[in-house]
Amino acid sequence: MCANLVHPSSNSEHFAISSKYLAGTIVSSLHKLKDIDNSDGGFFVFGDISVRVEGRYRLQFSLFEIIESEVVHIQSILSDVFDVYSPKTFPGMSESTFLSRSFSDQGVRIRIRKEHRVQM
């Protein structure tokens, strides 16, 4: 699975120089993990992806399969629209979700925030 940054009102317009906008790991392999109901599931985890430029965006996640020597596009899906803040206006990190904490407990390398912090 790979992630690309797209315009919030369009599902086809990628931002021209995505390395200028995105930082971190933008590709994830499938992880077999337990979900919050303790059921087995397949998850793609993007634990350190971030957007460098303030604005409103969506992420487009595209699933590919490698069949012999060929890469085949399977499906794409868009995230909800989200806001990226400048350091001055950033409202602070929220507490990590139960699902995030569960993935971390299962060995996935992601940052976990124990409590909500508001920037002063």
Side-chain angles (χ1 to χ4, degrees):
M1 173 90 52
C2 72
N4 288 301
L5 202 59
V6 296
H7 193 273
S9 62
S10 169
N11 62 0
S12 61
E13 183 185 338
H14 294 278
F15 284 90
I17 307 169
S18 108
S19 62
K20 174 183 170 186
Y21 289 88
L22 281 178
T25 306
I26 60 170
V27 175
S28 175
S29 296
L30 181 67
H31 296 269
K32 182 180 177 189
L33 300 165
K34 301 278 188 185
D35 68 9
I36 57 176
D37 298 327
N38 206 30
S39 302
D40 287 332
F43 298 90
F44 297 94
V45 180
F46 294 85
D48 70 344
I49 195 169
S50 62
V51 181
R52 295 179 173 157
V53 180
E54 183 179 7
R56 293 178 59 82
Y57 304 97
R58 294 174 123 184
L59 287 171
Q60 179 180 12
F61 297 99
S62 299
L63 179 63
F64 295 91
E65 183 176 9
I66 300 173
I67 302 171
E68 295 179 15
S69 62
E70 192 174 331
V71 177
V72 179
H73 178 258
I74 304 296
Q75 184 73 33
S76 292
I77 191 166
L78 289 170
S79 72
D80 290 337
V81 175
F82 59 91
D83 294 307
V84 176
Y85 300 93
S86 70
K88 270 185 148 178
T89 62
F90 183 61
M93 293 290 291
S94 301
E95 182 179 346
S96 296
T97 65
F98 182 76
L99 184 62
S100 295
R101 289 192 305 272
S102 174
F103 287 173
S104 177
D105 291 345
Q106 294 174 69
V108 176
R109 295 178 55 114
I110 52 177
R111 287 181 146 177
I112 298 299
R113 182 157 309 272
K114 301 290 185 204
E115 57 192 53
H116 179 74
R117 282 196 203 164
V118 177
Q119 202 174 51
M120 304 269 176

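Once rounded to the nearest 0.5 Å, the distance linking CD of E65 with CG of L63 reads 8.0 Å. With rounding to the nearest 0.5 Å, the separation of CD in Q75 from CE in M1 is 9.5 Å. Remark: S104 OG to Q106 CD distance equals 9.5 Å, nearest 0.5 Å. One distance of note links OG of S9 with CZ of R58; it measures 8.5 Å at 0.5 Å rounding. Residue R56 holds its CZ atom at 4.5 Å from CG of D83, rounded to the nearest 0.5 Å.
Ring orientation note: the planes of F46 and F61 are tilted relative to one another, at an angle of 30° to 60°. Relative ring orientation between Y57 and Y21 is described as perpendicular, the plane-to-plane angle rising above 60° on a 0-90° scale split at 30° and 60°.
Annotation for S102 and K34: closest pair OG-O, 3.9 Å, computed over non-hydrogen atoms. C2 and V27 make their closest contact through CB-CG2, 4.1 Å (heavy atoms, listed as atom of the first residue, atom of the second, distance).
Residues V53 and L5 are members of one and the same hydrophobic cluster, defined by side-chain heavy-atom contacts under 4.5 angstrom among Ile, Leu, Val, Met, Phe, Trp and Tyr. I36 and F43 end up in the same hydrophobic cluster when Ile, Leu, Val, Met, Phe, Trp and Tyr side chains are linked at under 4.5 Å. No continuous path of ILVMFWY side-chain contacts below 4.5 Å connects V71 to I26, so the two sit in separate hydrophobic clusters. Taken together through direct or relayed side-chain contacts under 4.5 Å among Ile, Leu, Val, Met, Phe, Trp and Tyr, F64 and V45 form parts of separate hydrophobic clusters. There is a path of hydrophobic side-chain contacts, each under 4.5 Å, that joins F82 to L22.
The only member of V108, L99, D105 that meets side chain to side chain contact (heavy atoms under 4.5 Å, CB included) when paired with L33 is V108.
Using a 4.5 Å heavy-atom threshold, the side chains of T25 and I49 count as separate.
At distances below 3.5 Å, at least one donor-acceptor pair connects side-chain atoms of D35 with backbone N or O atoms of D37. In this structure, the side chain of S28 does not engage the main chain of F44 through any donor-acceptor pair within 3.5 Å. One N or O on the side chain of R101 and one on the backbone of S96 form a donor-acceptor pair closer than 3.5 Å.
Taking a 6.0 Å sphere around CD1 of I66, one finds it holds 12 or fewer heavy atoms contributed by other residues, nucleotides or ligands. Counted within 6.0 Å of CG on D40, heavy atoms from surrounding residues, nucleotides or ligands total more than 12; the atom is thus considered enclosed.
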